[in-house]
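Notes for the one structure printed next.
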2 protein chains.
Amino acid sequence: MVLRDGHDDGNLGHVPMPAGRSPAAARGRRAARPSGDDRELAILATAERLLAARPLSAVSVDDLARGAGISRPTFYFYFASKDAVLLTLLDRVVAEADAATRAAFDSPAGDAREGWRRAITAYYETFRAHRGLTLAWAEARSTNAEVRELWARVFDGWVDRCAAAIESERARGAARAGVPARDLAVALNSMNERVLYATFSGDGPAVAESDVVTVLLDVWLGAIYGSSAPSGS
Amino acid sequence: MVLRDGHDDGNLGHVPMPAGRSPAAARGRRAARPSGDDRELAILATAERLLAARPLSAVSVDDLARGAGISRPTFYFYFASKDAVLLTLLDRVVAEADAATRAAFDSPAGDAREGWRRAITAYYETFRAHRGLTLAWAEARSTNAEVRELWARVFDGWVDRCAAAIESERARGAARAGVPARDLAVALNSMNERVLYATFSGDGPAVAESDVVTVLLDVWLGAIYGSSAPSGS
DNA sequence: GACGGTATCGACGTCCTGTCGAACGAGTCA
DNA sequence: TGACTCGTTCGACAGGACGTCGATACCGTC
């Protein structure tokens with residue numbers, strides 16, 4: 001019999017940091033406790049540090065444990081697995097990206113073009129700031145169902161917001177009608193995901209880091225408005 | 001010391017199947033031989049069969065060997081690793097997709113819109129016909145450098161062809177000027193890759209299989225021409 | 001100064017990987 | 001026919017990573 005990662009999701013709706021308890025409490029094996037928190041933090045810090053230098057597959061539980069100054073079995077006292085650590089880290093970055101794109105969407109936004117540019121930039125900046133994690137997430141996604149689910153939820157949120165924005169642009173007559181807004185949103189967000197990944201990972205053909213936002217924006221505007229210059233404010 | 005997968009690329013320019021020798025000869029450990037060829041084929045068939053049902057990570061070398069009716073050590077007589085099998089399989093599918101998209105590009109193509117639609121459809125059809133492999137490839141890419149390189153080479157070829165086509169559309173005044181054609185090609189091909197993957201894998205938000213070509217085409221046309229209706233033939 | 005929960009680790013069993021060396025069988029050549 | 005080669009096969013091994021169990025040390029408290 002194979003043991004499942006064993007943790008009941010509980011509140012994965014990740015409220016934006018309830019100030020006190022980190023989302024790790026739900027993810028880890030242990031209930032909240034004061035003394036061991038530094039260990040937990042040490043593990044997380046070690047993970048982020050190591051992942052900035054090597055791929056996830058080259059980081060073992062032992063590396064994480066040693067990096068945090070504890071033994072391998074002790075690691076399991078804090079996290080159920082290597083992936084659980086990653087999930088905790090991702091929760092944070094996702095909350096960051098979520099906040100940033102939400103801000104971009106809700107902010108004043110002079111004209112429409114500027115609004116979209118801000119949203120794409122927010123997304124770009126956040127993941128660029130956590131390159132290692134971004135790469136590790138992509139790696140884990142193919143083998144870990146929880147990572148897949150977390151990403152699906154997050155992605156879905158962005159798609160919803162984009163689809164709503166596209167529909168509102170269509171309603172005011174600025175954006176051209178065409179394929180369903182939601183399908184368009186899925187396609188464009190997928191593009192961003194893959195293009196940014198290629199740019200950050202550096203292997204294979206990619207758009208230069210300095211141009212990537214411009215290029216993505218150009219495709220977004222072309223797909224939504226039919227040209228790079230949406231009309232009206 | 002860790003042994004590398006140990007095979008000198010030789011001719012990875014994959015000529016479209018020299019009729020006689022399969023590309024596996026270059027990939028595997030052994031020189032061409034008549035008697036063991038069925039074993040080799042059996043391994044490849046087993047791999048494709050198993051990958052249609054479970055992810056790559058759930059298929060062990062032992063599964064492959066048993067499936068082909070041989071023992072695990074014997075497997076290593078034919079292939080250097082599980083990934084080498086996958087690489088051989090990918091060589092084939094890639095050649096297929098390459099031929100299909102090349103045909104789409106070179107074919108008569110009544111109007112421009114139809115040309116692009118054909119190219120996207122070719123890509124879509126090929127990978128849909130090998131769902132399991134497509135998913136496995138994505139999984140292997142994150143851990144295996146050879147898979148990454150193979151994909152980079154293939155992807156680059158498509159980008160080249162697309163960029164050239166975009167430039168020629170710009171030259172004749174049909175496509176709008178904008179970001180460099182190559183950057184645009186990278187972005188659009190990346191989108192296709194990610195969107196199709198999501199559609200085939202079925203987890204997370206995705207475009208329905210029946211709509212995906214239409215949606216992708218719409219974004220391509222919007223990005224290249226500025227609307228879904230390119231002018232002229 | 002016994003107790004209960006926190007925290008820690010040594011040792012174990014399992015799974016998978018890749019390799020080594022011994023064997024087996026079918027041709028070939030003396 | 002018997003020795004010799006060469007393609008092919010596999011049992012057995014060693015290594016690495018994972019996750020678990022049970023014993024212990026630490027610590028605040030009653």
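Worth saying up front: this structure is predicted, and the values here are computed from it rather than measured. Each chain gets a letter, A, B and so on, in the order its sequence line appears, and its residues count up from 1.
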Query raised in the report: Can you name the residues that form a side chain to side chain donor-acceptor pair (under 3.5 Å) with B:R72, not counting sequence neighbours?
Result: none
What N/O pairs connect the protein and nucleotides 12-17 of chain C at under 3.5 Å? Give each pair on its own line.
residue, atom, partner, partner atom, Å
C:dT17, OP1, B:V61, N, 3.0
C:dT17, O4, B:R72, NH2, 3.3

Query raised in the report: Is B:D98 salt-bridged to B:R161, cutoff N-O under 4.0 Å?
Result: yes
Requested in this report: Using a cut-off of strictly less than 4.0 Å, decide whether A:S71 has a side-chain nitrogen or oxygen near OP1 or OP2 of C:dT8.
Outcome: no
Query raised in the report: Nearest to the side chain of A:Y78 - D:dT9, C:dA11, C:dT8?
Result: C:dT8
Report summary line: note: B:D38, atom CG; D:dG7, atom C1'; distance rounded to Å ~ 13 Å
Requested in this report: Please determine, for the side chain of B:F77, which listed nucleotide (D:dG19, D:dT20, D:dT9) has the closest atom?
Outcome: D:dT9
Distance-only donor-acceptor pairs under 3.5 Å for side chains of residues 41-50 of chain B, two or more places apart:
residue, atom, partner, partner atom, Å
B:T46, OG1, B:A42, O, 2.7
B:T46, OG1, B:G67, O, 3.4
B:E48, OE2, B:H130, ND1, 3.1

Requested in this report: Decide yes or no on side chain to side chain donor-acceptor pair (under 3.5 Å) for B:S60 and B:D63, but give the supporting numbers first.
Outcome: CA-CA 5 Å; B:S60 70; B:D63 294 332; 3.3 Å; yes
Requested in this report: Would you kindly give the CD1-to-C1' distance between A:I70 and C:dG10, to the nearest whole Å?
Outcome: 15 Å
Query raised in the report: For D:dG7, does OP1 or OP2 lie under 4.0 Å from any side-chain N or O of B:R39?
Result: no
Query raised in the report: Whole-Å distance between D:dA17 C1' and A:L56 CG?
Result: 13 Å
Query - Atom-pair distance (CG on B:D83; P on C:dG18), nearest Å - result: 8 Å
Query raised in the report: Short question: side chain of B:T134, backbone of B:F127 - any donor-acceptor pair under 3.5 Å?
Result: yes
Report summary line: From CZ of A:F75 across to C1' of D:dT20 the rounded distance in Å is 14 Å
Query raised in the report: In whole angstroms, how far is the P atom of D:dG16 from the CZ atom of A:R66?
Result: 13 Å
Query raised in the report: Would you call the rings of B:W137 and B:W151 parallel, tilted or perpendicular if under 30° counts as parallel and over 60° as perpendicular?
Result: tilted
